[in-house]
Amino acid sequence: MSRPRTLPDLREATTSFGSELIGLDEFSRILGVEAAVIRGRRERDPDFPAPVREGSSRSAHFLRDLVEWLPEDIDVSIDRFSLRRWTLWAAVARCSSDHGAEATLRLLAGTALLLLHPWGRTARRLPAAELLDAIRTHVAAVEPEHPTLATEIIGFTPDPIPATDRTFLLSLVSWAGRSREPIISTDSSSAALLLDQLRRLWFEGCRPDIRRFIDTVESDIRSLAKDTATRSSTSAHGLNRLLLTIASMQRGEVLLDPACGQGSLFIDAHELLHGGGRVRQKVGFVGREQDLGTWTVAKVRLGLRGIAHDLGEPTDGTRCELAMPSFTHIIADPEVGARGLKVWTRRIVELLDEHGTGQLVVPASLVFPTVDGRGRGAWWKALQPHIDAVVFTPTDAAIILLRRDA
């Protein structure tokens with residue numbers, strides 16, 4: 001067997017993450033080789049490291065063991081993005097173990113917003129140990145900025161850009177939830193490691209590919225959110241496209257989603273209407289979400305993409321205050337059963353303008369009688385004057401089209 005090689009990027013990674021577990025497929029991606037090459041060596045090389053954990057479909061090894069074993073006769077071309085993506089997640093897991101999933105999610109999200117803002121260029125030169133303190137110092141003094149729209153939209157006043165929203169940012173980089181007690185101190189080694197790996201992902205692995213950076217950060221945020229009380233009420237991508245096609249929005253109009261969840265509808269609408277990217281908008285997005293964690297994720301997702309929005313504060317969409325008195329386009333997928341259906345239907349009708357159309361997504365069983373005769377309760381007759389049509393989808397969801405006078 002050829003002797004192990006010295007690869008600077010991998011050697012550096014083992015300094016901080018040598019005792020972290022990594023799968024062979026992920027290790028192969030980092031090396032830039034086919035997974036079959038590494039798996040083949042595992043079968044026939046007696047010196048191949050023994051797995052620390054082995055399951056029916058994959059095994060996990062210490063990174064340091066695989067790096068020490070790696071022979072020179074394997075043609076390696078380090079994929080820096082894959083390496084930085086993996087080291088970031090390893091740092092996220094360590095910070096989460098020390099400080100909890102919610103605090104880690106918030107710190108990750110707030111720093112990602114700042115890295116994409118002009119201040120992020122400053123972060124590139126800061127020592128890792130000073131980065132969190134520098135972020136908090138900057139946030140304490142930042143002045144709010146408002147996004148510039150391509151079209152003046154009457155009645156629509158977007159929230160400050162999340163990367164300049166001092167109150168919102170402080171809740172991310174200093175505190176978790178509604179607590180005013182610091183969760184992560186500035187001398188936390190795991191927090192410093194997380195911020196350093198996030199910075200390196202952007203400057204060494206992704207820049208200037210913003211989309212790749214956003215997708216990676218969102219993937220980590222979703223993984224962390226599974227360990228918190230965060231509720232996701234996002235619709236499937238295909239359903240969102242159908243809802244937006246029915247809405248057929250025009251330049252200068254505003255879309256209201258009073259149960260916006262993690263903001264997926266607005267993101268899909270932005271890509272459909274503007275082709276994605278950080279461009280000046282021609283339409284406005286107003287949303288409300290009751291769950292604090294879900295609302296926070298929505299703010300971050302929209303902020304990373306530079307999408308102007310009005311999400312207000314976390315609140316119940318059926319009783320929220322809105323700056324605009326009425327809307328032409330309302331889409332809601334509140335994940336409610338028959339009990340909440342009447343409340344949501346009336347709320348949407350109440351907010352529609354004279355020519356507006358509302359769309360309420362509900363389980364098809366609520367409006368389509370089943371074999372046993374259930375479905376279409378008393379609410380159907382009471383709200384019939386406002387129901388313009390019902391669209392049934394292949395996903396067992398029904399879209400109720402509402403107007404003030406159907």
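Owing to the predicted nature of the structure, the values given are computational and were not obtained by experimental measurement.
Heavy-atom minimum distance, R301 versus S264: NH1-OG, 3.0 Å. Pairing each heavy atom of L272 with each of R241, the nearest pair is CD1-NH1, 3.0 Å. Considering every non-hydrogen atom in both L341 and V362, the closest pair reads CD1-CG1, 3.1 Å. R42 approaches S59 most closely through the heavy-atom pair NH1-OG, 3.3 Å. Closest non-hydrogen pair, S185 versus L132, comes out as O-CD2, 3.5 Å.
Taking 4.5 Å as the limit, some side-chain heavy atom of T296 sits within range of a side-chain heavy atom of L172.
Note that the CG atom of L224 and the CH2 atom of W89 stand 4.5 Å from one another [nearest 0.5 Å]. Taken from CZ in R106 to CG in L169, the straight-line distance is 11.5 Å, to the nearest 0.5 Å. Rounding to the nearest 0.5 angstrom, the gap separating the CG atom in L401 from the CD1 atom in I387 is 10.0 Å. Between R319 atom CZ and R288 atom CZ the span is 14.5 Å, to the nearest 0.5 Å. Atom-to-atom distance recorded for R222:CZ and L105:CG is 11.5 Å, nearest 0.5 angstrom. Rounded to the nearest 0.5 Å, atoms NE2 (H61) and CG (L66) are 5.5 Å apart.
A donor-acceptor contact shorter than 3.5 Å is absent between the side chain of Q359 and the backbone of T357. Proximity of a side-chain donor or acceptor of D75 to a complementary backbone N or O of S77 within less than 3.5 Å is not detected. No donor-acceptor pair under 3.5 Å is formed between the side chain of R84 and the backbone N or O of R199. Between the D159 side chain and the L311 main chain, a donor and an acceptor come within less than 3.5 Å of each other. Formation of a donor-acceptor pair under 3.5 Å by the S219 side chain with backbone atoms of D215 is not found in this model.
In this structure, R207 fails the cation-pi test against F203, since its NZ or CZ atom is not both closer than 6.0 Å to the six-membered ring centre and inside 45 degrees of the ring normal.
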